[in-house]
2 protein chains.
Amino acid sequence: MEETKFIINGNEYLPLRDVVFNTLRDAILTGKLIPGERLMENQLADKLGVSRTPVREALRMLALENLVELVPRKGAQVLDMSEKDIINILEVRDALESLATSIACKKMSKEMLQQLKLVEAEFEQAIEVNDLERIIQLDEDFHDLILESTENDKLSHIYQNLRIQLYRYRMAHLKVDSSIPAIIAHHRGILRAIENHDAEEGATVAHGHIKYHTEFILRSIHNK
Amino acid sequence: MEETKFIINGNEYLPLRDVVFNTLRDAILTGKLIPGERLMENQLADKLGVSRTPVREALRMLALENLVELVPRKGAQVLDMSEKDIINILEVRDALESLATSIACKKMSKEMLQQLKLVEAEFEQAIEVNDLERIIQLDEDFHDLILESTENDKLSHIYQNLRIQLYRYRMAHLKVDSSIPAIIAHHRGILRAIENHDAEEGATVAHGHIKYHTEFILRSIHNK
DNA sequence: AGATAAAACAATGTATACAGTATTATTAAG
DNA sequence: CTTAATAATACTGTATACATTGTTTTATCT
């Protein structure tokens, strides 16, 4: 052994465009960059300590995630969503969540169902101790598991994208205590449907879940 | 009037990246670029007479349309779809087509329905004279009108993207004469459901339509 | 001859420079 | 003082140059 290179991990390299992309996306989703705000390439490049090239590419990625609006020769700005947009997204999400749940009812493995039950238990536990961060995370995990069980990458990808777009309105949902019991009921209903391999029932419950979610988000927007 | 600039139209400017994007997309969809083929930035730039910059941006756009695969530091290649991918896409498309049709049943205007009937009439006429190009175009128009009536841009956008991905397998569908009668029956069923504002019926017929379509595409792949 | 290492090459990643166009500020005219 | 024209500025669009990495070829050793 003459010389060994210190390769910690096979793949810890990330192109700058992805770093910039992640940074900007995070800033948008957490509200550090507000809707309508202009995003200038030079300015961002300076602030992030990179050149314009990766910034440009990151902006284009964000545009295709529907987080940024790009007008040729004018520039980019953080996309502002109208109520109509939100309704539209939820309409699609409804159909996809129903689809995912009904597929899950058909082909989720026993092991995965076990895991799902575990997540649900932790979810309800997190509610007991009022750990908001954890509640949100586990709710996401719950839906992720269902998506994963569909073994449909396209479906997962589209769904995730819709979720990202609604991310900014996510807090408003679970923050309100009164919505919690309904959500638990929905989750349990979905679990039951999966356990019984009842695809129709699963789709119905999922539909109700999103409908409930929709009304909540809309209400929270109106109260702003 | 001292000097007038010749601005033919308010907006006929297209960034080079979009020109490249359109060119490459067309080449992929029509099979001039085959799945698995490597796409090298320099080579493409030379061939198209532009620099690498717009080519890079176009490639990234294609990647987010799922037509090209991008591996960091390795390069781009035309994405090859597995049968599993096609099934997955059709699974999602099924849900979205059903959604779109049921919405159309609820809120398509009289004028639009009239237009839809017109398209269907022309469609059946094109079949009579066996004008394949026109048949395909009118089938697309039919579905586009339904999408438009949903007044849901997000839904339309996602659906179009799925369609693009299946574009390469589109011919195989309508080319086969025996499938035509079923398609006509489906279209007429959808028309009837819209006319009766029967959302449930619309979703059901749409579902059957896509299911039929799915089987056809799969069969044509297997016979290759 | 086969395998391994080194070097040459080719492609992507990133930065920068220049060109063209919107926008803003400034100045002149009414 | 308002408005229109013009100049200045700031931004995006595109090209190119350099850096880094992955791949292939060639040479050397067993």
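Order of the sequence lines fixes the chain letters, A, B, ..., with proteins taken first and strands second; residue numbering starts at 1 for each chain.
- The nearest whole Å value for the distance from the CG atom in A/Asp18 to the P atom in C/dG13 is 10 Å.
- At least one side-chain nitrogen or oxygen of B/Arg60 sits closer than 4.0 Å to the OP1 or OP2 atom of C/dG13.
- Considering only side-chain N and O atoms, B/Arg52 lies nowhere under 4.0 angstrom from the phosphate OP1 or OP2 of C/dT12.
- Separating the CZ atom of A/Arg56 from the C1' atom of D/dC11 is a distance of 11 Å, rounded to the nearest angstrom.
- When the C1' atom of C/dA11 is taken as reference, atom NZ of B/Lys74 falls 12 Å away, rounded to whole Å.
- Going from atom CZ of A/Phe21 over to atom P of C/dG13 covers 16 Å, rounded to whole Å.
- One interatomic measurement links the two molecules: CG of A/Leu16 to C1' of D/dT20, which rounds to 12 Å at whole-angstrom precision.
- Residues B/Arg38 and A/Gly49 each lie close to DNA chain C; by heavy-atom proximity, the contact nearer the 5' end of the strand is made by B/Arg38.
- Projected onto DNA chain C by closest heavy-atom contact, B/Thr53 and B/Gln43 fall at different nucleotides, the more 5' of which corresponds to B/Gln43.
- Residue B/Arg73 places none of its side-chain N or O atoms closer than 4.0 Å to OP1 or OP2 of C/dA11.
- Proximity note for B/Ser51 (side chain, C-beta onward) versus D/dT12, D/dT16, C/dG13: the nearest is D/dT16.
- Nucleic acid contact class of A/Leu70 (heavy atoms, under 4.0 Å, all strands): none.
- Using bins of under 30°, 30° to 60° and over 60° for the plane-to-plane angle, the ring pair A/His143/A/His187 lands in the perpendicular bin.
- Looking at B/Asn161, its side chain never comes within 3.5 Å of a backbone N or O of B/His157 through a donor-acceptor pair.
- In this structure, the CG atom of B/Leu14 is 14 Å from the P atom of C/dT21, given to the nearest Å.
- Side-chain N/O atoms of B/Ser156 and B/Asp153 include no donor and acceptor closer than 3.5 Å.
- For the pair B/Asp26 (side chain) and B/Asn22 (backbone), a donor-acceptor distance under 3.5 Å is absent.
- Atoms CG (A/Leu48) and P (C/dA15) sit 11 Å apart, rounded to a whole Å.
- In this structure, B/Met40 places its CE atom 14 Å from P of C/dG13, rounding to the nearest Å.
- Side chain to side chain, A/Asp131 and A/Gln125 fail the donor-acceptor criterion of an N or O pair below 3.5 Å.
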